[in-house]
J.: 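Handing you a structure now.
Being a predicted model, the structure only gives us computed values, none of them experimental.
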4 protein chains.
Amino acid sequence: MRTATAKRQRLMEAAARVVHQQGAERTTIADIARAADVPVGNVYYYYKTKDELVAAALGEHARQLGMLTGGLDLLADPRERLKGLVKAWVSQRDVAARYGCPTGTLAVELDKRAEGGLDAEAGRVIRLLLDWTERQFRELGLPDPDGLALTLVGAYQGMSLLANALRDPAVMTRQGDRLIGWLDSLPEGDRTPAAG
Amino acid sequence: MRTATAKRQRLMEAAARVVHQQGAERTTIADIARAADVPVGNVYYYYKTKDELVAAALGEHARQLGMLTGGLDLLADPRERLKGLVKAWVSQRDVAARYGCPTGTLAVELDKRAEGGLDAEAGRVIRLLLDWTERQFRELGLPDPDGLALTLVGAYQGMSLLANALRDPAVMTRQGDRLIGWLDSLPEGDRTPAAG
Amino acid sequence: MRTATAKRQRLMEAAARVVHQQGAERTTIADIARAADVPVGNVYYYYKTKDELVAAALGEHARQLGMLTGGLDLLADPRERLKGLVKAWVSQRDVAARYGCPTGTLAVELDKRAEGGLDAEAGRVIRLLLDWTERQFRELGLPDPDGLALTLVGAYQGMSLLANALRDPAVMTRQGDRLIGWLDSLPEGDRTPAAG
Amino acid sequence: MRTATAKRQRLMEAAARVVHQQGAERTTIADIARAADVPVGNVYYYYKTKDELVAAALGEHARQLGMLTGGLDLLADPRERLKGLVKAWVSQRDVAARYGCPTGTLAVELDKRAEGGLDAEAGRVIRLLLDWTERQFRELGLPDPDGLALTLVGAYQGMSLLANALRDPAVMTRQGDRLIGWLDSLPEGDRTPAAG
DNA sequence: GATGAATGAGACTTCATTCAT
DNA sequence: TATGAATGAAGTCTCATTCAT
């Protein structure tokens with residue numbers, strides 16, 4: 001029991017890591033098996049296809065995202081939560097400059113697929129982030145919270161992509177600062193929760 | 001000669017198109033050959049490796065970008081040029097929602113590569129766009145023109161990625177409107193060209 | 001003990017059924033284990049190799065054949081016994097049209113094998129049927145009883161194969177009627193049992 | 001052209017031969033490639049899947065059957081044609097005793113498949129033989145010509161299977177003689193061709 | 001005896017690249 | 001130049017069998 005679950009976990013984490021670094025297409029089952037220290041043939045006991053492993057990698061990223069937002073939820077002020085999110089992004093600047101945003105880059109790859117049902121999976125994880133972000137803007141009482149969420153998350157995806165393409169972590173820092181300033185500049189909205 | 005050049009051209013265009021739609025890894029030489037109506041064996045006369053074909057696809061995207069900015073340069077007002085750029089992006093909303101930004105998605109794929117020298121190629125094309133954009137902001141006399149360029153191009157990459165991941169062209173429209181508003185809100189800076 | 005024997009039995013029956021339906025090569029140990037509701041790892045306690053399981057399936061078919069002929073032996077007239085055999089075949093027409101004769105189709109598959117000793121096993125089961133049939137013809141006092149047995153059993157194998165290949169149970173009915181007619185047309189031979 | 005066609009031919013013949021000897025499931029692409037003296041990777045240039053190769057093997061058997069019946073058609077008397085068919089079968093007795101009827105055994109294997117569309121293919125080849133046979137009986141003016149065809153072809157499949165299962169070519173000879181006698185015993189029917 | 005997990009050989013298939021005309 | 005054909009190195013996946021509790 002323990003062992004089985006542990007190995008599944010190891011495989012999932014290894015898949016998340018290696019796929020982030022090499023991309024889904026260039027990553028072989030053998031790569032993941034090696035990274036997880038599991039014999040190749042045994043991988044299929046836990047995940048029946050490579051696609052299932054990629055889905056698991058995506059799930060792992062969703063889990064990590066959940067841990068991040070879960071921690072931020074402890075902050076009282078929604079604005080502080082959003083600023084905390086931006087700071088977390090910036091703290092990952094070196095990884096972003098080398099490999100991009102794990103979910104965003106995976107979305108790019110998977111969206112090219114016509115078949116397999118995996119092509120919409122990454123979108124779902126991104127929507128989790130959008131939804132959480134929108135919730136913060138709504139709590140701030142700002143108008144068009146989902147538009148603001150698109151803007152913030154879009155900015156993150158854009159700066160990650162540029163940092164990656166230019167191989168320059170400073171892009172993350174500079175744009176992160178700008179986003180912090182933007183969040184600070186937003187007015188305090190009407191906090192009265194929408195009736196119904 | 002003419003024929004040969006024409007075939008090169010056809011292959012380049014086909015590569016740009018097919019690679020944009022399927023991604024570099026999932027695209028086979030045969031796919032491109034078929035799209036260009038060139039026999040498989042003949043491809044190698046024009047491009048010695050698949051990487052060269054991908055580079056050619058990138059070059060084609062750079063060419064198309066050049067045509068776009070070239071057209072915009074005819075406008076007198078830099079602010080109008082930038083707004084024209086945004087409008088051009090939005091006009092491509094359906095393609096973006098399906099396949100993302102050609103250069104951005106290619107950058108994501110190629111940046112995962114450790115070897116081959118192709119990993120930095122996409123960054124160069126993106127820099128062309130950044131440079132042109134920065135030039136407009138500078139001409140407007142605004143401070144930190146390269147930061148502004150990062151912001152504008154980043155926003156484009158971000159909204160393309162989100163539109164693609166969510167399969168929703170409306171993301172392009174909404175964020176495009178926001179960018180137009182932002183550009184309009186920017187103050188008229190000091191137009192005195194930097195002495196240098 | 002009881003339990004163990006019961007499991008052996010379940011496995012044998014499951015093997016007979018699944019191998020008949022899917023063929024020996026396409027049937028996996030896991031298929032049989034699932035059909036017998038036995039954990040995969042446990043199968044090997046009862047049958048050391050897959051070949052042993054296939055042999056067991058063959059044994060099960062032999063057992064069922066024995067039950068059939070055993071019942072027919074209760075009939076006083078050998079001719080009636082043979083007609084009963086044919087009727088039993090025809091009653092299985094739907095199964096035959098879908099999967100063929102269990103023993104015959106298994107013989108076809110196993111006979112292709114050069115090694116393992118299993119290649120002659122199916123022949124032995126078929127010989128059981130031939131021997132019983134020959135005995136009936138002999139009891140009828142007919143000349144060349146083993147030739148007649150070959151004819152009858154061959155007709156059965158042939159009509160099963162055709163019914164299966166054409167996916168048409170009517171083949172069994174039509175040819176069954178013909179065989180009944182043939183059996184009825186055979187003269188009453190000299191019943192004096194062969195001395196020695 | 002010549003080369004390509006020749007290799008396709010070689011592969012088809014090799015597939016027919018090896019699949020007959022080893023069975024479709026136990027035959028690997030490598031086996032066929034080796035038998036045809038073609039590099040494994042090259043096989044796929046001619047046949048996109050293993051199933052296509054098996055279908056080609058079946059086609060080869062159909063072709064050989066066509067050559068046989070084509071030759072027999074030169075005989076004036078339909079009864080002689082049928083007797084010629086039986087004699088041809090008997091002449092193959094050693095192959096039949098070792099590997100069975102090529103088409104019949106392939107039908108047995110393929111009929112176990114639920115998917116792929118190959119499961120009905122062998123039935124089609126067998127029907128070719130049935131149709132030709134039925135035509136002869138009809139020309140003889142006999143009633144129920146398709147029932148007679150089922151009987152004759154069924155007898156062939158049955159005796160091939162028994163000869164194979166018992167590893168005894170004599171089964172072919174004995175049953176062949178019986179069939180010849182049966183054909184000779186059939187009355188000369190009404191030769192008036194059916195109006196219509 | 002019972003069982004989930006482990007293992008490794010081997011099968012099918014794809015594809016970038018090269019070759020022979 | 002042009003082209004169908006050739007080649008071989010991977011990669012994904014399956015499965016009989018074995019192992020460790």
J.: Quick one: side-chain hydrogen bond (donor to acceptor under 3.5 Å, both in side chains) partners of A:Glu13, sequence neighbours excluded?
T.: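 Here the qualifying residues are A:Gln9.
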J.: Is any side-chain N or O of A:Lys7 closer than 4.0 Å to OP1 or OP2 of E:dA6?
T.: yes
J.: Starting at atom CG of C:Leu53, determine the distance to atom C1' of F:dC15, rounded to an integer number of angstrom.
T.: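 Answer to the nearest Å: 14 Å.
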J.: Going by the rule ring pair (Phe, Tyr, Trp, His ring centres under 6.0 Å), which residues pair with C:Tyr99 if we only count those two or more places apart in sequence or in a different chain?
T.: C:His20
J.: In whole angstroms, how far is the C1' atom of F:dT12 from the CD1 atom of A:Ile32?
T.: 12 Å
J.: If the cut-off is 4.0 Å, is C:Tyr45 near the phosphate of E:dG1, judged by side-chain N/O to OP1 or OP2?
T.: yes
J.: Within less than 4.0 Å of OP1 or OP2 of F:dA2, is there a side-chain N or O belonging to B:Tyr46?
T.: yes
J.: Rounded off to whole Å, could you give me the CZ-to-P distance for the D:Arg8 and F:dG4 pair?
T.: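 My rounded result for the distance is 16 Å.
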J.: Reading nucleotides 13-21 of chain E from the 5' end, what letters show protein touch, with B for base, S for backbone sugar-phosphate only, - for no heavy atom under 4.0 Å?
T.: BBSSBB---
J.: Would you say A:Arg10's side chain and A:Ala35's backbone share a donor-acceptor pair under 3.5 angstrom?
T.: no
J.: For D:Arg98, give me all partners under side-chain hydrogen bond (donor to acceptor under 3.5 Å, both in side chains), at least two apart in sequence or on another chain.
T.: none
J.: Under a 3.5 Å cutoff on both atom distances, Watson-Crick or G-U, what's the dot-bracket for DNA chain E ([ ] crossing, | other strand)?
T.: .||||||||||||||||||||
J.: Taking the cut-offs as 6.0 angstrom to the six-membered ring centre and 45 degrees off its axis, would you call A:Arg8 and A:Tyr47 a cation-pi pair?
T.: yes
J.: Name the atoms and distances for all side-chain donor-acceptor pairs under 3.5 Å in residues 48-55 of chain D, with sequence neighbours left out.
T.:
residue	atom	partner	partner atom	Å
D:Thr49	OG1	D:Asp51	N	3.4
D:Thr49	OG1	D:Glu52	N	3.2
D:Lys50	NZ	D:Ala24	O	3.1
D:Lys50	NZ	D:Thr27	O	2.7
D:Asp51	OD1	D:Arg113	NH1	3.0
D:Glu52	OE1	D:Lys48	N	3.2

J.: Using a 3.5 Å distance criterion without hydrogens, assess whether the side chain of A:Arg26 forms a donor-acceptor pair with backbone atoms of A:Gln21.
T.: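 Such a contact is absent between A:Arg26 side chain and A:Gln21 backbone.
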J.: Begin from the C-alpha positions of B:Val40 and B:Tyr44 and carry the test side chain to side chain contact (heavy atoms under 4.5 Å, CB included) through to its verdict.
T.: CA-CA 8 Å; B:Val40 194; B:Tyr44 284 83; 5.6 Å; no
